[in-house]
Amino acid sequence: MKTVRKALTGISGVPVTPYKGDGAIEVAKLKTLIKAMAKARVHNLMAAGNTGEFFTLTMDEVREVHSATIEAADGKALVSAAVGRSLTEAKALAKDAIAAGADAIMGHHPMDPFAGPSYQAAYFLELADFSTVPVIAYVRSDGFSVADFRKLALHPNIAGIKFASPNLMLLSEVIRSTQDAPAIWVCGLAEGWAPAFYAMGARGFTSGLVNVFPERSHAVHQALEAGDYARARALIDGIAGFEMLRTKYNNGANVTVVKEALGMLGTDVGPVRVPGVVALNDEERSILRGVVDRVKAEALAA
């Protein structure tokens, strides 16, 4: 538990899932990406997270991603296997991921349109009861009550809460109300939101950028850990266009931007699966090219 919580205070990178021309997962290329991220010292790899297109993968494909990530990381980075959908499916995925060597389980937010918030919290609690490794609760809603969040934070097998709502007043309240709990509150909205989350008392952040420019993510993290908010903001300003593009189409371009940026750097990982945005348009691609070229030039000049 201590190791998982420490990793959560760092960068939780979410790898993309590469596809072959026929649409199948390209496992060899996935392993290459994972090895590069582990070598870049990404603290926590969230296998089959949202940037990995979890909800477009079959259950067997999720298992394939988990296994490939665990093998390629080879103990050089902590691996959190993402699970979800029905509670029965989540438990089955968790059991297999743990058997394969996952260090932790990340429960995706239960997305049932008719779910009651307190019962969504209960989903995480039951998953944590079931799991034999620490669990990370990925909460993508501000519908949970403070009492719900407190139950999650106090559960002995929940290492942290990946808070992915922009409701900073709620974040502030739940952190204030759980000061006696050891769970880590993680910024689940990537680098752009991390300074505000840190100011509220969160630690660490999730990142899709680490697929492309892990050194920039590390620089942002180091600045935040040092309390240098001006430095963190300046670093984030340089990738603002990247993060802005990811929020387009109700976040439908989130994965698309990361995959196309990788392509611009010479690594073709295939398109995004429907219903994600399959490809950027020419204007969007031009904006992304400008960000990629600028960050690449800054990295070479450093």
Side-chain angles (χ1 to χ4, degrees), residues 4 6-18 29-54 65 68-70 72-74 76-82 103-104 106 136 138 160 162 164 184 186-195 197-198 202-225 232 235-247 251 253-267 269 272 288 291-292 294-296 298-299 302:
V4 175
K6 183 176 181 181
L8 289 177
T9 67
I11 302 166
S12 291
V14 192
V16 297
T17 301
K29 192 163 285 186
L30 173 60
K31 288 182 177 179
T32 298
L33 288 171
I34 297 301
K35 287 177 181 178
M37 293 172 75
K39 184 178 180 180
R41 300 174 292 106
V42 177
H43 307 96
N44 176 31
L45 297 176
M46 289 182 159
N50 276 342
T51 307
E53 299 177 75
F54 175 82
V65 169
T69 303
I70 292 164
D74 194 28
K76 296 179 178 65
L78 186 136
V79 175
S80 299
D103 300 292
M106 186 195 78
I136 303 153
Y138 181 12
K162 178 182 170 183
I184 305 299
V186 180
C187 171
L189 297 175
E191 285 84 351
W193 281 88
F197 273 65
Y198 261 71
R203 293 283 304 282
F205 55 84
T206 57
S207 175
L209 182 71
V210 288
N211 287 275
V212 187
F213 292 117
E215 64 280 357
R216 177 61 64 106
S217 297
H218 274 295
V220 172
H221 180 255
Q222 289 162 9
L224 290 171
E225 287 291 304
L235 289 163
I236 292 166
D237 284 349
I239 58 165
F242 180 94
E243 295 298 337
M244 178 274 293
L245 286 171
R246 294 181 74 197
T247 66
N251 293 313
N254 195 300
V255 184
T256 322
V257 171
V258 179
K259 284 194 164 185
E260 292 212 15
L262 280 168
M264 290 173 184
L265 293 174
T267 301
V269 290
V272 173
L288 180 60
V291 175
V292 168
R294 183 170 61 253
V295 176
K296 183 179 178 181
E298 290 172 359

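All values derive from a computational prediction rather than experimental measurement.
- Of the inter-residue distances, the one linking Thr51 atom OG1 with Asn254 atom CG reads 5.0 Å to the nearest 0.5 angstrom.
- Interatomic distance, Asn251 CG to Asn50 CG, rounded to the nearest 0.5 Å: 9.5 Å.
- With values rounded to the nearest 0.5 angstrom, Glu191 atom CD is found 7.0 Å from Ile11 atom CD1.
- In this structure the side chain of Pro15 reaches within 4.5 angstrom of the side chain of Met37, judged on heavy atoms.
- Nearest heavy atoms, Leu45 versus Ala73: CD1-CB, 4.3 Å.
- Closest heavy-atom contact between Glu215 and Ala299: OE2-CB, 3.9 Å.
- Evaluation of the side-chain hydrogen bond (donor to acceptor under 3.5 Å, both in side chains) rule for Lys29 yields no partner, not counting sequence neighbours.
- Note on ring orientation: taking the six-membered ring where Trp is involved, the planes of His43 and His221 are tilted (angle from 30° to 60°).
- Leu33 approaches Pro18 most closely through the heavy-atom pair CD1-CG, 3.7 Å.
- Side-chain contact between Leu189 and Phe205: absent, with no pair of heavy atoms (C-beta onward) separated by less than 4.5 Å.
- Of the options Val210, Ile236, Val295, a side-chain contact (heavy atoms from CB on, under 4.5 Å) to Arg216 is made by Val295 and by none of the others.
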**Request:** May I have the step-by-step check of side-chain contact (heavy atoms from CB on, under 4.5 Å) for Met264 and Lys296, ending in yes or no?
**Result:** CA-CA 11 Å; Met264 290 173 184; Lys296 183 179 178 181; over 6 Å; no
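- Nearest heavy atoms, Leu262 versus Val16: CD1-CG2, 3.8 Å.
- Remark: side-chain polar atoms of Tyr198 are paired, donor with acceptor, to backbone N or O of Gly204 under 3.5 angstrom.
- Contact annotation: the side chain of Lys35 never approaches that of Lys39 to less than 4.5 Å [non-hydrogen atoms, C-beta and beyond].
- Nearest heavy-atom pair, Ala48 versus Phe54, reported as atom, atom and distance to 0.1 Å: O-CB, 3.1 Å.
- Atom CG of Leu78 and atom CD1 of Ile70 lie 10.5 Å apart (nearest 0.5 Å).
- Interatomic distance, CD1 of Ile239 versus CZ of Arg294, reported as 10.5 Å (0.5 Å rounding).
- Residues Gly52 and Thr17 approach most closely at O-OG1, 2.7 Å, considering heavy atoms.
- Among Leu8, Ile184, Leu224, the single residue meeting the side-chain contact (heavy atoms from CB on, under 4.5 Å) criterion with Arg203 is Ile184.
- Between Glu260 and the choices Val269, Val292, Val255, Leu288, the side-chain contact (heavy atoms from CB on, under 4.5 Å) rule is met once, by Leu288.
- Note that the OG1 atom of Thr206 and the CG atom of Asn44 stand 10.0 Å from one another [nearest 0.5 Å].
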